[in-house]
Novice: 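Please read through the structure below; I'll follow up with questions.
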Amino acid sequence: MVLTDYLQQFDKLAIAFSGGVDSSYLLYAAVQSGIEVQPYFVKSPFVPTFEREDALRLADSLGVTVKEIPVNALADETIVNNPSNRCYYCKQAVFTAIINQANQDGFHHIVDGTNASDEYDERPGMKALQELHVFSPLRVCGLTKQMIRDVSRTAGLFTWNKPSYACLATRFPTNQRITQEGLHKVEQAEDYLFELGFSDFRVRLVGNVAKLQVPERQLQFVLQHRTVILERFEALFDDVLLDLHTR
């Protein structure tokens, strides 16, 4: 099914909008389809600043105003305790907030950027989306991540080659308590690696030890910047490890 045809069955549509590759293309397609659309961006301690900036920039380029919704995930002890199905509780909190605000605004159909490449049945967060009756047009229309990148590039969206990025809570191993301090340290560390020119990496937090994961092609780049990385990271963490199980 053609995405714009699928979207035109809705007169009004609320989009859970992160500013990533998928939700950005979904917003673009919704605008192109001519329906009334409202993107919602959730402000959370788990979302880094650059994601918000990208979301606002992309929406502005499409002439759309984003409505921001604050969600304090750190106020939920179940989420903070970080069980193996934490993503389920996060998605419940985030999408319940979006649904409540969207309904107040007169939007009763909610969509997200899940695509056809996502492992839909094996992820706890997807269960929450099913329970809350959130639609996933990209997945329904068979659009994979690479297809979305290709059509985004053709559409001139700057997000077309943006690296995939999971929320900061994923940097904590299961059952390690998620803290504001830890989130802040990880965000600082990852911001610095972005400044150095790294992409598609993660800084995992094990206790107060940073475990750096990079693609194999960037391992030599890590060694080239070893001194400055250690200097910056040792001000934040007790130790710094390079994970050879690369991304």
Side-chain angles (χ1 to χ4, degrees), residues 17-28 41-62 66 113 115 117-118 144-173 176 178-247:
F17 180 54
S18 68
V21 178
D22 301 324
S23 65
S24 292
Y25 183 70
L26 180 57
L27 177 59
Y28 166 82
F41 180 87
V42 170
K43 296 177 65 176
S44 161
F46 294 172
V47 179
T49 301
F50 82 85
E51 289 278 61
R52 175 179 180 270
E53 293 171 348
D54 283 355
L56 296 180
R57 175 186 166 198
L58 191 285
D60 184 65
S61 73
L62 297 175
V66 176
N115 66 60
S117 299
D118 290 324
T144 64
K145 174 68 79 173
Q146 188 56 53
M147 292 168 66
I148 294 165
R149 289 190 184 280
D150 291 343
V151 291
S152 294
R153 185 177 187 178
T154 300
L157 305 182
F158 73 85
T159 51
W160 77 268
N161 65 344
K162 184 176 178 178
S164 297
Y165 195 88
C167 83
L168 292 173
T170 63
R171 311 304 192 268
F172 293 71
Q176 178 173 323
I178 301 172
T179 65
Q180 181 68 67
E181 180 184 17
L183 292 167
H184 184 58
K185 287 180 177 181
V186 168
E187 184 172 3
Q188 283 185 283
E190 294 195 345
D191 282 349
Y192 182 62
L193 293 179
F194 277 126
E195 290 175 12
L196 291 177
F198 287 89
S199 62
D200 197 24
F201 60 86
R202 299 287 186 269
V203 176
R204 308 288 184 186
L205 189 63
V206 183
N208 192 42
V209 173
K211 183 169 67 171
L212 175 57
Q213 296 177 327
V214 299
E216 185 176 356
R217 67 183 183 277
Q218 294 185 17
L219 284 174
Q220 189 61 40
F221 198 39
V222 173
L223 297 179
Q224 291 172 6
H225 291 83
R226 174 180 176 274
T227 301
V228 292
I229 290 173
L230 284 174
E231 181 180 355
R232 181 63 66 92
F233 279 32
E234 286 177 345
L236 299 170
F237 309 105
D238 294 337
D239 203 356
V240 184
L241 306 176
L242 177 60
D243 190 346
L244 294 181
H245 292 91
T246 56
R247 285 185 53 74

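What you see is a predicted model, and the numbers here were worked out from it, not measured in a lab.
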Novice: Would you say L205 and Q176 make side-chain contact, with heavy atoms under 4.5 Å?
Specialist: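 A side-chain contact exists here, since the closest heavy-atom pair is under 4.5 Å.
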Novice: Let me confirm one number: the CG-CG distance from L157 to L62, rounded to the nearest 0.5 Å.
Specialist: 6.5 Å
Novice: For atom CD of E181, decide whether the heavy atoms of other residues, nucleotides or ligands shown that lie under 6.0 angstrom number more than 12.
Specialist: no
Novice: Would you find a donor on one side and an acceptor on the other, under 3.5 Å apart, between the side chain of K185 and the backbone of L236?
Specialist: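 Side chain of K185 to backbone of L236, a donor-acceptor pair under 3.5 Å: yes, one is there.
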Novice: Does the side chain of T49 reach to within under 4.5 Å of the side chain of D191, using non-hydrogen atoms?
Specialist: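 The answer is no, as the side chains (C-beta and beyond) never meet within the 4.5 Å cut-off.
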Novice: To the nearest 0.5 Å, what is the distance between CG on L58 and OH on Y28?
Specialist: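 So the CG of L58 and the OH of Y28 are separated by 11.5 Å.
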Novice: Looking at S18, is its backbone amide N or carbonyl O close enough to the side chain of S23 to form a donor-acceptor pair, meaning the two atoms are under 3.5 Å apart?
Specialist: yes
Novice: Please confirm whether the backbone N or O of P45 pairs with a side-chain atom of Q180, one donor and one acceptor, at under 3.5 Å?
Specialist: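 Side chain of Q180 to backbone of P45: no pair is present.
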Novice: Taking R202's backbone N and O only, do any of them form a donor-acceptor pair with E190's side chain (distance below 3.5 Å, no angle check)?
Specialist: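 Checked: no pair found.
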Novice: Check whether R171 reaches the backbone of A166 with its side chain - one donor and one acceptor, N or O, closer than 3.5 Å.
Specialist: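 Side chain of R171 to backbone of A166, a donor-acceptor pair under 3.5 Å: yes, one is there.
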Novice: Could you grab the distance from atom CG of L168 to atom NE2 of H184, nearest 0.5 Å is fine?
Specialist: 11.5 Å
Novice: Rounded to the nearest 0.5 Å, how far apart are OG1 of T154 and OH of Y25?
Specialist: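 Taking OG1 in T154 and OH in Y25, the distance rounds to 8.5 Å.
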Novice: Please determine whether a side-chain nitrogen of the Lys or Arg among K162 and D54 lies less than 4.0 Å from a carboxylate oxygen of the Asp or Glu.
Specialist: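 Looking at D54 together with K162, the answer is yes, because their closest N to O distance falls below 4.0 Å.
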Novice: Do any pairs count as a salt bridge (charged side-chain N to carboxylate O under 4.0 Å, His left out) and have a residue in residues 146-157, sequence neighbours left out, and if so which ones?
Specialist: none
Novice: Within this structure, what is the CG-OG distance for the pair L26 and S152, rounded to the nearest 0.5 Å?
Specialist: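 The OG atom of S152 is 10.5 Å from CG of L26, to the nearest 0.5 Å.
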Novice: Could you tell me which non-hydrogen atom of S117 sits nearest to which non-hydrogen atom of T144, and how far apart they are?
Specialist: OG-CB, 3.2 Å
Novice: Considering all heavy atoms of both residues, which atom of F17 and which atom of F41 are nearest to each other, and what is their separation?
Specialist: O-CD1, 3.2 Å
Novice: Any donor and acceptor pair, going by atom type alone, linking the side chain of S24 with main-chain N or O of V21 inside 3.5 Å?
Specialist: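 No, S24 side chain to V21 backbone: no donor-acceptor pair under 3.5 Å.
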Novice: Any chance you could measure T159, atom OG1, to R57, atom CZ, to the nearest 0.5 Å?
Specialist: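 So the gap between those two atoms works out to 9.0 Å.
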Novice: Run the numbers on T170 and R204 for side chain to side chain contact (heavy atoms under 4.5 Å, CB included), then give the verdict.
Specialist: CA-CA 8 Å; T170 63; R204 308 288 184 186; 4.1 Å; yes
Novice: For the residue pair F221 and F198, does the interplanar ring angle fall in the parallel (under 30°), tilted (30 to 60°) or perpendicular (over 60°) class?
Specialist: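 Judged by the thresholds at 30° and 60°, the geometry between F221 and F198 is tilted.
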Novice: Test: side-chain hydrogen bond (donor to acceptor under 3.5 Å, both in side chains). Region: residues 223-237. Which pairs qualify, not counting sequence neighbours?
Specialist: none
Novice: Got L183 and F172 here, is their nearest side-chain heavy-atom distance under 4.5 Å?
Specialist: yes
